[in-house]
Amino acid sequence: MNPYDHRYADPDSYRQRRSDFVGPPPQMGGPPMISRSGPAPYGAPSASLPGRGSGVVSGSGPGVYPPVGRFDVGGGGGRGGDLDNISLPKQDFGNVVPFEKNFYIESPSVRAMTETEVMIFRSRKEITVEGHDIPKPIRMFHEANFPDVIAKLGFVEPTPIQAQGWPMALKGRDLIGIAETGSGKTLAYLMPALVHVIAQPRLVQGEGPIVLVLAPTRELAVQIQEEALKFGSRASIRSTCVYGGTPKGPQIRDLQRGVEIVIATPGRLIDMLEAQHTNLRRVTYLVLDEADRMLDMGFEPQIRKIIAQIRPDRQTLYWSATWPREVETLARQFLRNPYKVIVGSPDLKANQSINQVVEVVTETEKYNRMIKLLKEMMDGSRILIFVETKKGCDHVTRQLRMDGWPALSIHGDKNQAERDWVLAEFKSGRSPIMTATDVAARGLDVKDIKCVINYDFPSSLEDYVHRIGRTGRAGARGTAFTFFTHSNAKFARELVKILLEAGQVVNHTLSAMARSSTGGSGGNFRSRGRGGFANRGSISGSNTIPIGSKRQLW
DNA sequence: AAAAAAC
């Protein structure tokens, strides 16, 4: 029996409710209804995809796709910079009421583990731990001693990050959790979050959330909340998602009715705080998902602002698949005596169940190369194509459609209604090809993505790892094709390391580039990305390596 | 020489 189970003895007083933000609200003029009969024949689009409210496509071209391009520029105005100028009222945490955060009850079976058994378990699961007073890992779900109300969810064996992360998080300690994409990180922090909420005094009118989860994209925030709803509802724990590009009304309503868990993107949350639609005075469990991204230059000022609103004795948890050395110092500014748990190699690592194929090509060869790949692969399963810029993304999408491929694109210059719609089309398989910028690089869990194509190499190796991690999820296998040009030479060495570590065959042109490249780790994380010129001249000729045959690919 | 994140 868990000592905290008696709290919230009257779960009925919690009105469980689904948020209604999924799907384009009509007032936004979202993509209209789709009428289709049966799956689209590939290579010959017969689907009558809708035009958008105001911008119906001219009838020329193959099929009537929604226009490629941006629909919502101008309306939104500048995000980012402006946000950094907002200052929120300073909070006084001098006299806060203490709260409970240590809920871990070590099971007898866990206590019985000898140090040797613990070592063997950790080494077999490739778990590395740091910190003081580290709890033993659990081997079975029931050993976490979750409250009954959330314990009966049918789990048997926790994933490695959960096996070690749950006891750590349940102890109420700060935590840096690093594990590859698709390894169960969301539940690794959501389950302890539910336990945490159950043990806190009930919310009263005017109080903000107890748990705050921050995420770098709107789609990811929505996805996390879907999980929070799925598992929180059993314990009558309410959650909502606060993010931009969608009307504020419903979000304000949720916040004011009271929600124990808020999942948010930083901009809209700051907006809500400024307008005093909510406050963070009751937040005692803070999660940064994709934490390295949340702490990079674009986000850091906003994160600082938000964290300054939260009591310093909170529990703070960072999660990511990638954790560049350079963020650690900054990251620890917001942590107290944290644990660190790493699953797999502490180096930058890719998911082992992904076949990674890198081709060295020239810019002009990319498109035709991709078409060849698509022809080999296209059987209706999902293919995700990453392009570096929004403009490039539109360009590739337009080209694909003109050639008859059922492609839709998602990026940050499209309005949220279209982003939601495109993602839904891709998830359902109605539109099996999605082109995207890095808005889709992190965290998105779409089932059965057969293949990721990096049409452009990303601006960091962390992004590479996240992008290819959209395939090969939850134990399935996947393939990632990457076009690599001379201008990417500075990444060659590190890329080869990642490939070797994942047991991949490295093509010799890339090896040659790695040997002659001056590029080290790609520079400092916080200034990485742009700048730096490739080491040209050391590579001669165009060295396209033929891609493998079909059977080799999956 | 970028993406993302508010209105």
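Below, read A as the first sequence line, B as the second, and so on, with proteins coming before strands; counting in each chain starts at 1.
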Whole-Å distance separating the [atom1] atom of [X] from the [atom2] atom of [N]:
X: Gln251(A); N: dA6(B); atom1: CD; atom2: C1'; result: 11 Å
X: Glu363(A); N: dA1(B); atom1: CD; atom2: C1'; result: 13 Å
X: Asp292(A); N: dA5(B); atom1: CG; atom2: C1'; result: 16 Å
X: Ile306(A); N: dA5(B); atom1: CD1; atom2: P; result: 14 Å
X: His277(A); N: dA6(B); atom1: NE2; atom2: C1'; result: 12 Å
X: Arg293(A); N: dA3(B); atom1: CZ; atom2: P; result: 12 Å
X: Met272(A); N: dA5(B); atom1: CE; atom2: P; result: 16 Å
X: Gln302(A); N: dA3(B); atom1: CD; atom2: C1'; result: 13 Å

| said: Taking the side chain as everything from C-beta on, heavy atoms only, tell me whether Tyr285(A) gets closer than 4.5 Å to Arg314(A). | reply: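 No, side chains not in contact.
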| task | Report yes if some heavy atom in the side chain of Leu444(A) is under 4.5 Å from a heavy atom in the side chain of Leu423(A); otherwise report no. | result |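 Heavy-atom side-chain distance check passes, below 4.5 Å.
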Can you tell me if [X] touches the phosphate of [N], counting only side-chain N or O atoms and a distance under 4.0 Å to OP1 or OP2?
X: Arg419(A); N: dA5(B); value: yes
X: Arg442(A); N: dA3(B); value: no
X: Thr217(A); N: dA5(B); value: no

| query | Once the angle between the rings of Tyr367(A) and Tyr455(A) is folded into 0 to 90°, is it parallel (under 30°), tilted (30 to 60°) or perpendicular (over 60°)? | reply |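 Judged by the thresholds at 30° and 60°, the geometry between Tyr367(A) and Tyr455(A) is perpendicular.
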Nucleotide nearest [X] when distance is taken to its side chain, options [options]:
X: Thr389(A); options: dA2(B), dA6(B), dA4(B); answer: dA2(B)
X: Ser459(A); options: dA2(B), dA4(B), dA5(B); answer: dA2(B)
X: Lys390(A); options: dA2(B), dA4(B), dA5(B); answer: dA4(B)

| message | For Ser183(A) and Lys185(A): C-alpha separation, side-chain torsions, deciding distance, then whether side-chain contact (heavy atoms from CB on, under 4.5 Å) applies. | response | CA-CA 6 Å; Ser183(A) 62; Lys185(A) 284 195 291 286; 4.1 Å; yes
| task | State yes or no: are the ring centers of Phe457(A) and Phe483(A) separated by less than 6.0 Å? | result |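 No.
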